Amino acid sequence: MNKKVLFVLTSHDELGNTGLKTGFWSEELAAPYYTLTDKGVDVVLASVKGGQPPIDPKSEDPSFQTDTTRRMDKDSVLLEKLKNTAPLTEVKMEDYDAVFYPGGHGPLWDLAESAVSQKLIVDFYEANKPVAFVCHAPGVLKDVKVGGEYLVKNKKVTGFTNTEEDAVQLTNVVPFLVEDVLKKNGGIYSKIDDWNPYAVVDGLLITGQNPASSEKVAEELLKLI
């Protein structure tokens with residue numbers, strides 16, 4: 001399969017005013033990365049600032065490790081790619097067949113507010129190319145509009161649930177709740193039981209509920225490219 005997919009990662013590492021660190025969630029990069037690359041897809045990594053994006057330290061906790069994160073930890077090619085991500089300002093939609101946003105809490109602070117990211121998503125969408133987001137990453141759609149309307153309006157979507165945010169005790173730390181903003185912007189939001197794999201496809205838009213949904217989102221993306 002001669003296809004190329006852009007992964008867009010956060011560069012934000014501060015968890016609000018808690019003094020704790022955040023970033024991207026390792027499983028949400030690793031699982032989709034291998035789902036795609038094992039099928040011959042070329043995956044290119046970009047981040048807001050370029051260079052090494054921050055990994056959420058909690059996602060490296062042994063209790064959250066999966067086969068794909070362990071594979072990533074030993075994968076010198078992927079680790080080198082991570083050290084050298086392209087700055088978001090330097091990537092062009094024309095070079096790729098689709099875009100995928102891994103989650104973690106970091107994107108809620110930088111990618112959700114990035115005009116560069118918003119334009120990139122619109123560029124992909126208007127070029128009839130899939131746009132995919134998992135866990136907290138659907139939150140980066142907060143201000144994305146196509147033709148004056150929110151991209152998620154009247155679209156079936158999912159994303160990290162309010163109850164999942166509550167379970168990790170960050171409801172009062174995050175700048176906004178993903179579930180709330182998707183509903184507020186007119187998305188037809190659905191979810192299943194917390195922490196279970198769930199992905200929703202509506203045309204070119206693919207969203208996943210939580211870290212466990214990462215592989216499912218990538219599988220749906222494969223079907224569309």
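The structure displayed is predicted, hence computed values, not measured ones. Hydrogens, waters and symmetry mates are skipped; everything else that's a heavy atom, side chains included, is used.
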Strictly distance-based, threshold 3.5 Å: is any side-chain N or O of [X] a donor or acceptor partner for the main-chain N or O of [Y]?
X: Glu14; Y: Lys21; answer: no
X: Lys39; Y: Leu222; answer: no
X: Asn196; Y: Asp194; answer: yes

What pair of heavy atoms forms the shortest contact from Pro102 to Pro107, and how long is it?
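Closest approach of Pro102 to Pro107: O-CG, 4.0 Å.
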
Residues in salt bridge (charged side-chain N to carboxylate O under 4.0 Å, His left out) with Lys142, at least two apart?
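Applying salt bridge (charged side-chain N to carboxylate O under 4.0 Å, His left out) to Lys142 gives Glu113.
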
Can you name the residues that form a salt bridge (charged side-chain N to carboxylate O under 4.0 Å, His left out) with Lys183, not counting sequence neighbours?
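Here the qualifying residues are Glu179.
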
Answer yes when [X] and [Y] have at least one side-chain N-carboxylate O distance shorter than 4.0 Å, and no when they do not.
X: Asp67; Y: Arg70; result: yes
X: Lys119; Y: Asp123; result: yes
X: Lys216; Y: Glu219; result: no

Using only heavy-atom distances, determine whether the side chains of His136 and Glu28 contain a donor-acceptor pair under 3.5 Å.
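Checked: His136/Glu28 side chains show no N/O donor-acceptor pair below 3.5 Å.
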
Determine whether the side chains of Thr10 and Asp110 contain a donor N or O and an acceptor N or O closer than 3.5 Å.
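Their side chains do contain a donor-acceptor pair, which is all the 3.5 Å distance test asks for.
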
Which residue pairs pass the side-chain hydrogen bond (donor to acceptor under 3.5 Å, both in side chains) test with at least one member in [range], sequence neighbours excluded?
range: residues 90-103; result: Tyr101-Ser117
range: residues 47-57; result: Thr22-Asp56, Ser47-Thr85
range: residues 199-215; result: Glu164-Gln209, Glu164-Asn210, Asn210-Ser213

Matching residue for Leu120 among Val144, Leu88, Thr89, Val131 - test: side chain to side chain contact (heavy atoms under 4.5 Å, CB included)
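That would be Leu88.
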
Residues sharing Val77's hydrophobic cluster, by side-chain heavy-atom contacts under 4.5 Å among ILVMFWY, directly or via others?
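In the cluster with Val77 there is nothing else; it is isolated.
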
Per the salt bridge (Lys or Arg N to Asp or Glu O under 4.0 Å) rule, what does the pair list look like for residues 124-139, sequence neighbours excluded?
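Listed once each, the pairs would be none.
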
For a 4.5 angstrom cut-off between non-hydrogen side-chain atoms, does [X] reach [Y]?
X: Pro138; Y: Leu182; result: yes
X: Thr171; Y: Asn162; result: no
X: Val8; Y: Leu111; result: yes
X: Ser190; Y: Val200; result: yes
X: Thr68; Y: Leu29; result: no
X: Leu151; Y: Val122; result: no
X: Val157; Y: Phe133; result: no
X: Asp38; Y: Thr35; result: no

Find out if a path of hydrophobic residues (ILVMFWY) with successive side-chain heavy-atom gaps under 4.5 Å connects Met93 to Leu36.
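No, separate clusters.
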
Relative to each other, are the rings of Trp25 and Phe64 parallel, tilted or perpendicular (30° and 60° limits)?
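Correct class here is perpendicular.
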
Set of side chain to side chain donor-acceptor pair (under 3.5 Å) partners for Asn84, sequence neighbours left out
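Partners of Asn84 under the side chain to side chain donor-acceptor pair (under 3.5 Å) test: Glu80.
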
Keeping to residues at least two apart or across chains, list the ring pair (Phe, Tyr, Trp, His ring centres under 6.0 Å) pairs with something in [range].
range: residues 28-48; answer: none
range: residues 195-216; answer: Phe160-Trp195
range: residues 171-190; answer: none

Partners of Lys153 by side-chain contact (heavy atoms from CB on, under 4.5 Å), sequence neighbours excluded?
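Testing Lys153 for side-chain contact (heavy atoms from CB on, under 4.5 Å), a comparison that skips the adjacent residues, returns Glu149, Tyr150.
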
